[in-house]
Amino acid sequence: MGADNVDIFQRLVFSVPSLSVQIPALAGLSLVYGAIAFAAVSAFTPLDPAPAGVLPVAVLLFLLPFAFAAELFPRVLSQYPRTWSYFLALTSQFVMFVYALVLSGANDIGNAWSIIWLCFITLYLLNILVLVISTGIDRYKRILLVSLAEPAALIAAFYAIGGGGDLGFSTYRHVFAFASLLIAAVFLVFVLLVVDYLIRSNTDVSAFELTSGILRNDRSSLDLGVEARPDVETLVIDNGDRLRLVAPWVHPGPLGGFGGGQLSSNVIDALNEDDESGFFVHVPCTHKEDLSNPEDAAKILDAVREPTGVARASRLVHEDYGEIEFHGRRIGDKQVIYLHGEGIDDYDTGVFMRDVDTEEVLLVDLHKHDLQDGPEKEVLYGSAEADRLKTHFDDFRSRLSEEPVHKYAAGFEVVRSAQDVVAIVERVDGESVLLMGIDTNGITPDVRALAAEYEAEFDAVLVFSTDTHASIHELANMTRSDVEALEGAIERATADVAPATVGLASQRTRPLKLLKTDYNGLVFSVNILIRLTIIALFILYVALVLWLFF
């Protein structure tokens with residue numbers, strides 16, 4: 001998954017601990033942070049606070065303000081998860097602790113005052129930024145108000161324990177500090193609104209709406225794209241039972257519930273209704289072929305055809321051209337080909353198929369790169385590399401067309417689980433081939449190890465993923481797959497091998513919208529959002545330091 005597009009959100013998503021972990025952590029860390037901060041103040045400042053003050057400081061400064069905010073946010077901002085709110089509180093609590101340590105090194109009362117107020121402002125801005133990203137820029141007025149709860153509680157505690165009024169500062173300094181907090185918040189929201197405006201001027205999608213929807217795993221249509229009628233290829237294996245492998249010339253993206261991100265899982269769900277069996281396979285294409293509207297998955301399913309099967313196929317042919325390798329077999333006068341290019345993520349649709357009828361060839365991109373450290377490179381149509389790959393493809397097809405055919409036998413099994421998997425065992429002329437498929441975006445090491453174990457049992461083992469973009473919440477943290485489900489599927493598929501027919505058909509969909517070049521606008525939006533926001537926050541922080549200290 002390329003890091004320079006919307007898939008970068010995967011790198012920002014991680015598992016948030018449960019409340020049963022976070023709430024005790026918030027309470028326990030308040031005592032730890034309070035004790036350490038108290039010790040630092042005693043050791044590095046002229047102050048000599050009484051040990052009895054540790055608990056009040058821990059409760060008033062490190063527990064109550066953050067617990068209050070953690071409970072308030074989900075109540076005021078609908079659909080904001082309580083687990084997220086507590087995680088934000090834990091993050092803010094740590095920021096407060098860091099500032100407390102910095103405070104212990106202040107060399108005079110003026111610097112101490114500036115550090116304290118810089119801490120309050122930082123916490124306010126942190127809450128605003130996180131809440132805008134996770135709930136949307138359109139709620140900024142409510143976010144400005146609710147984000148003030150945490151710093152307001154800290155300010156109240158600060159003045160309550162005597163730190164605010166007895167330092168000898170004039171009323172002007174107090175008013176200046178409060179005004180600085182509000183000005184910084186308004187400036188931050190202004191920057192975010194400008195960023196959102198720039199993005200909307202490039203594409204009709206709000207990047208903050210996109211971000212918050214992805215984080216919440218919403219399902220939504222993108223008002224982008226152009227009308228198209230992509231081909232949908234259907235490979236059917238029938239050994240008394242039937243397996244349908246559906247290969248639409250559509251990419252499963254862009255992400256989550258937006259557009260066609262859940263396409264592969266939607267297709268697999270539909271193909272396995274009413275005791276039927278089916279799976280999604282990924283053709284070589286890019287995010288330009290993403291669906292704009294998730295509801296258009298129904299149009300893809302409507303284009304699934306029932307082909308005429310043949311009972312004879314060739315042995316599996318393999319050729320490695322260095323920069324790309326192919327496996328394939330003839331089925332009657334048609335061909336099924338699997339490709340893998342090491343270090344290549346996606347290919348423009350015209351790279352291989354610009355002059356090839358989808359009624360004649362099913363071309364599957366195995367997409368078997370490492371799930372967490374996959375390639376970012378795309379092969380562009382018309383490039384010198386694309387021309388070389390096309391030459392290799394045509395050469396392989398020519399060789400494959402001359403292969404003799406023999407009786408075909410197959411067995412298969414689809415297992416529906418947290419990760420849908422499929423196993424297909426094919427036997428032709430004494431050769432046994434295993435295909436292992438999993439509904440993920442790449443392959444985890446345990447699946448690769450499982451495939452290696454079966455290489456002694458089969459003449460060839462091919463592993464493929466669907467390139468799903470269904471859930472970044474899962475993909476961001478996936479290091480292991482359901483190998484037990486795969487093993488069970490392989491055992492049942494092997495036992496199920498019987499004389500079979502196999503057929504290929506293709507049909508165009510009814511008109512639907514694919515993102516095409518509008519995807520570039522989406523990419524630019526995300527890049528602008530990330531870079532501009534980071535730059536603006538850095539400038540804002542530097543300005544705050546200069547403003548408060550000088």
Side-chain angles (χ1 to χ4, degrees), residues 228-238 243-251 267 278-286 289 300 303-321 323-341 344 346-368 379 381 386-406 408 410 424 426 428 433 435 437 460 462 464 466-467 500-509:
R229 295 186 62 198
D231 292 310
V232 177
E233 296 186 72
T234 310
L235 184 76
V236 174
I237 301 173
D238 189 336
L243 174 72
R244 288 182 293 178
L245 297 178
V246 173
W249 281 85
V250 174
H251 191 280
V267 169
F279 211 75
F280 181 96
V281 291
H282 174 58
V283 300
C285 58
T286 71
E289 314 309 313
I300 289 174
V304 172
R305 285 181 54 193
E306 297 301 323
T308 302
V310 297
R312 298 175 70 81
S314 74
R315 291 165 63 92
L316 190 72
V317 177
H318 173 241
E319 188 66 51
D320 189 344
Y321 293 91
E323 56 188 334
I324 196 166
E325 63 176 320
F326 298 101
H327 291 81
R329 68 167 83 246
R330 278 182 60 197
I331 53 171
D333 59 351
K334 300 182 180 182
Q335 299 173 339
V336 179
I337 300 174
Y338 306 93
L339 70 86
H340 172 64
I344 301 175
D346 285 326
Y347 311 80
D348 277 343
T349 54
V351 170
F352 299 104
M353 300 293 287
R354 56 180 178 263
D355 56 359
V356 179
D357 189 346
T358 55
E359 288 276 3
E360 299 177 357
V361 178
L362 170 60
L363 180 60
V364 177
D365 180 3
L366 294 176
H367 215 264
K368 61 176 184 177
V379 178
Y381 177 75
D387 292 340
R388 292 196 310 271
L389 297 184
K390 174 62 171 171
T391 299
H392 299 325
F393 180 58
D394 291 342
D395 177 72
F396 183 77
R397 286 194 62 212
S398 177
R399 174 184 168 185
L400 192 58
S401 65
E402 298 174 357
E403 288 293 310
V405 293
H406 311 273
Y408 177 79
I424 306 169
E426 299 177 305
V428 177
V433 175
L435 284 85
L462 302 182
F464 69 89
T466 61
D467 191 20
T501 61
V502 57
L504 174 66
S506 179
Q507 179 168 297
R508 299 176 72 187
T509 67

For L504, run the side chain to side chain contact (heavy atoms under 4.5 Å, CB included) check against V310, L235, V361, T358 and tell me which one passes. L235

Heavy-atom nearest pair, V236 first then P307, reads CG2-CD, 3.4 Å

Indicate the atoms forming the closest heavy-atom contact of S506 with D231, along with that distance. OG-CB, 3.8 Å

Heavy atoms only: give me the nearest L339-Y347 pair and the separation to one decimal. CD1-OH, 3.5 Å

Do Q335 and R397 have side-chain N/O donor and acceptor atoms under 3.5 Å apart? yes

In this structure, is the centre-to-centre distance between the rings of F326 and Y338 below 6.0 Å? no

Check the side chains of E323 and H392 for a donor-acceptor pair under 3.5 angstrom, ignoring hydrogens and angles. yes

Heavy-atom closest pair (F396 atom, G328 atom, distance to 0.1 Å) is CZ-N, 3.6 Å

Which atom of A303 lies closest to which atom of Q507, heavy atoms considered: O-CB, 3.5 Å

Carboxylate-amine/guanidinium contact E319 R399, below 4.0 Å: yes

Are side-chain heavy atoms of T501 and Y408 found at a separation under 4.5 Å? no

Could you tell me whether R305 and E359 make a salt bridge, using a distance below 4.0 angstrom between a side-chain N and a carboxylate O? yes

Do H251 and H282 have ring centres separated by under 6.0 Å? yes

T509 and R229 have their tightest heavy-atom pair at O-NE, 2.7 Å

Tell me, please, which residues at least two apart from R330 pass salt bridge (Lys or Arg N to Asp or Glu O under 4.0 Å). none

